[in-house]
Amino acid sequence: MPAAGNGLLDRRTFMRGGAAFAAAITGYGISKNATAQPLANDPWSLTQGATTPPYEQRSRYESKVTRTLTNPKGEARVQNARTPLQLSQGTLTPNGLHFVVAQSGAPDIDPAKHRLVIHGMVKQPLMFTLDTLARYPTVSRMAFIECGGNSAPMFSPQPIQANLQALHGMVSCSEWSGVLLSTLLAEAGVDPKATWLIAEGADAPTLTRSVPLKKALDDAMIALYQNGERLMPANGYPMRLLLPGWEGNMSIKWLRRIFVTDTPGMTFPESKTYAQLLPNGKAYQFYFIEEVKSFITHPSPGHVMNGPGYYEISGLAYSGEGCIKRVMVSADGGQSWAQAELQKPVQDKAFTRFRLPWRWDGGPAILQSRAWDDAGNVQPTRAEFVALRGELKAPLPPTAFPNQHFNGITSWAIDAQGEVKHVYA
Ligand SMILES: Nc1nc2c(c(=O)[nH]1)N[C@H]1C(S)=C(S)[C@@H](COP(=O)(O)O)O[C@H]1N2
Ligand SMILES: [Mo]
């Protein structure tokens, strides 16, 4: 039941269990003493446990599972927090671990005083409070948010030795609930000549971005809840714009204004920070979509392989243009590929978890994943990506943002000692 070279196993026969499964997995759960000896009573089994608090905190043994911060003292410049994807499972990012980009910190907004206005080329300008928004039909959906600068270290000419969190940790996925922007725009009555809107946040630098009206009327949401509770302060409390699948900076947090117009704003951040530089010295002025992408989260740099034998290769795939259709995995640096199992449900513009059984023989291996979406896009190899979009001349620290929108294949090399390293293959 090998499915490809270097120990990749067929997911269908493997998942069914039976003799093949037993042969691969034997030994991990077996103890000679399991039946012979009663379990010892540890102290925690002998006394009353902790009191249930009104709001639960996770186990103190998990306290090292945290975001990494670029500006931990909150100096007057941008703050980034990266999600520990190598320590997570499934497809949903806990609110406390969602990545953050905040140009000047999280404003301490009093929800009772916050207002959202919609004006400009509309029949009827509107102003909303949190309470009035609650009267409108609510929708919920899974959606990833990815910073256009996520994976920027991959532009380095040599592979930067860093963990997944440093390389790809500026993407997270949540269930968002709120009101579709199209519902509010319908009430405002958009002028048929309008083509853009300009969204503005209530934080100090009032980050503004131009959004094509077409996207606003498609699946844009005024998000009020994140994984069932109100938004986290740093993720836009009490309301944010959510543009599923588009570069994160357009999903304006602490949203207070939507100005409907017939021309893009050409605001400072969209001409300076958020234009995609190309090798020929030109730039894409508006570059919205986070393209189809995947990476292996387990194993990944920092994980220690515990001797040869069975492992599950698992990772995340997503596309800003639709649903993930297929993920292929290689254990021999791209010479042969096997199809991974996709965790259901596979949702539009959301994380999809993929898994594949692997028998590591203890020798060198190069693990890669490659994703396809249902809009017909395929994730490029790094070489293909770099040929089109360029790379840097010199390596930069992993926290730099030299360029944006990297979606090429990521490669992890495993050596005979079981160390996992970032390589270009
Ligand atoms: N008002 C406002 N909105 C903002 C930002 C900001 O600094 N201020 N940062 C943007 C950037 S660059 C990104 S990538 C996303 C990140 O969303 P998150 O912090 O909830 O992950 O928010 C965007 N919205
Ligand atoms: Mo961003």
Side-chain angles (χ1 to χ4, degrees), residues 67-71 74-85 92-109 114 116 143-153 165 168-176 178 198-211 220-227 229-259 265 267-276 287-290 318 320 349-351 399-406:
R67 302 183 294 200
T68 44
L69 310 177
T70 51
N71 179 2
E75 287 156 14
R77 57 188 163 88
V78 68
Q79 298 177 32
N80 298 321
R82 288 172 161 82
T83 299
L85 297 166
L92 192 140
T93 310
N95 289 348
L97 296 177
H98 197 285
F99 89 94
V100 172
V101 178
Q103 298 299 331
S104 83
D108 182 23
I109 296 177
H114 185 76
L116 168 66
F144 73 83
I145 296 180
E146 179 172 43
C147 179
N150 191 30
S151 316
Q165 184 165 16
H168 297 307
M170 300 191 71
V171 61
S172 303
C173 185
S174 301
E175 188 207 56
W176 304 94
I198 299 169
E200 180 190 282
D203 49 338
T206 56
L207 178 73
T208 47
R209 285 254 25 204
S210 312
V211 179
M221 183 198 282
I222 310 296
L224 305 168
Y225 293 83
Q226 175 181 2
N227 295 325
E229 61 182 1
R230 289 283 183 187
L231 304 185
M232 281 295 190
N235 300 116
Y237 183 87
M239 63 181 75
R240 78 176 301 163
L241 187 58
L242 174 71
L243 300 177
W246 285 24
E247 58 177 11
N249 63 71
M250 303 179 74
S251 285
I252 298 293
K253 300 187 281 188
W254 313 294
L255 182 71
R256 70 171 182 187
R257 183 194 309 274
I258 286 176
F259 178 72
T267 63
F268 173 68
E270 66 195 17
S271 23
K272 178 188 163 277
T273 321
Y274 301 125
Q276 166 73 30
Y287 194 85
F288 301 134
I289 291 165
E290 294 297 305
Y318 51 95
K349 301 173 188 123
F351 277 0
T399 49
F401 279 77
N403 213 336
Q404 313 224 357
H405 288 276
F406 180 91

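Order of listing sets the numbers, starting from 1, for every ligand and every atom in it.
Under the side-chain contact (heavy atoms from CB on, under 4.5 Å) rule, Val171 has a single partner from Thr83, Ile145, Asn150, which is Asn150.
The aromatic rings of Trp246 and Phe288 lie parallel to each other, their planes meeting at an angle below 30°, with 60° marking the opposite boundary. The aromatic rings of Phe351 and Phe144 lie parallel to each other, their planes meeting at an angle below 30°, with 60° marking the opposite boundary.
Considering backbone and side-chain atoms together, Val101 places an N or O closer than 3.5 Å to an N or O of ligand 1. Checked by distance only, ligand 1 and Asn235 come closer than 3.5 Å through their nitrogen or oxygen atoms. For the pair Phe99 and ligand 1, the shortest N or O to N or O distance falls below 3.5 Å. Residue Glu146 places no N or O, backbone or side chain, under 3.5 Å from any N or O of ligand 1.
Annotation for ligand 1: atoms under 4.0 Å from non-hydrogen atoms of Ser251 are 22 (O), 23 (C), 24 (N). Listed by number with element, the atoms of ligand 1 under 4.0 Å from a non-hydrogen atom of Asp203 are 1 (N), 2 (C), 6 (C), 7 (O), 8 (N). Near Cys147, the atoms of ligand 1 lying under 4.0 angstrom from a non-hydrogen atom of the residue are 14 (S).
Taking both residues in full, the closest heavy atoms of Thr70 and Arg82 are given as CG2-NH1, 3.4 Å, listed atom of the first, atom of the second, then distance.
In this structure, Trp254 contributes its side chain and Asp108 its backbone to no donor-acceptor pair below 3.5 Å. The main-chain N or O of Leu243 is found under 3.5 Å from a side-chain atom of Ser251 such that the two form a donor-acceptor pair. Side-chain atoms of Gln226 come within 3.5 Å of backbone atoms of Met232 as a donor-acceptor pair (strictly under, hydrogens ignored). For Thr267 (side chain) and Arg209 (main-chain N/O), no donor-acceptor pair under 3.5 Å exists by modelled atom type.
The closest approach between any non-hydrogen atom of Ala102 and ligand 1 is below 4.0 Å.
Nearest protein heavy-atom contact of atom 5 (C) of ligand 1 is Leu207 CD2, 3.5 Å. For atom 12 (S) of ligand 1, the closest heavy atom belonging to the protein is Tyr274 OH, 3.1 Å. Ranking the protein heavy atoms by distance from atom 7 (O) of ligand 1 puts Gln103 N, 2.8 Å first. Protein heavy atom in closest approach to atom 11 (C) of ligand 1: Asn249 CA, 3.4 Å. In terms of protein heavy-atom proximity, atom 23 (C) of ligand 1 is closest to Gly248 O, 3.4 Å. Nearest to atom 19 (O) of ligand 1 among the protein's heavy atoms is Lys253 NZ, 2.5 Å.
Looking at residues two or more places apart in sequence or on another chain, you find a side chain to side chain donor-acceptor pair (under 3.5 Å) between Glu200 and Arg256, Arg257. Every residue was checked against the side chain to side chain donor-acceptor pair (under 3.5 Å) condition with Thr93, not counting sequence neighbours, and none meets it.
Of the options His98, Met232, Arg240, Met170, the smallest heavy-atom separation from atom 17 (O) of ligand 1 is shown by Arg240.
No part of Ser104 comes within 4.0 Å of ligand 1, judged by heavy-atom distances.
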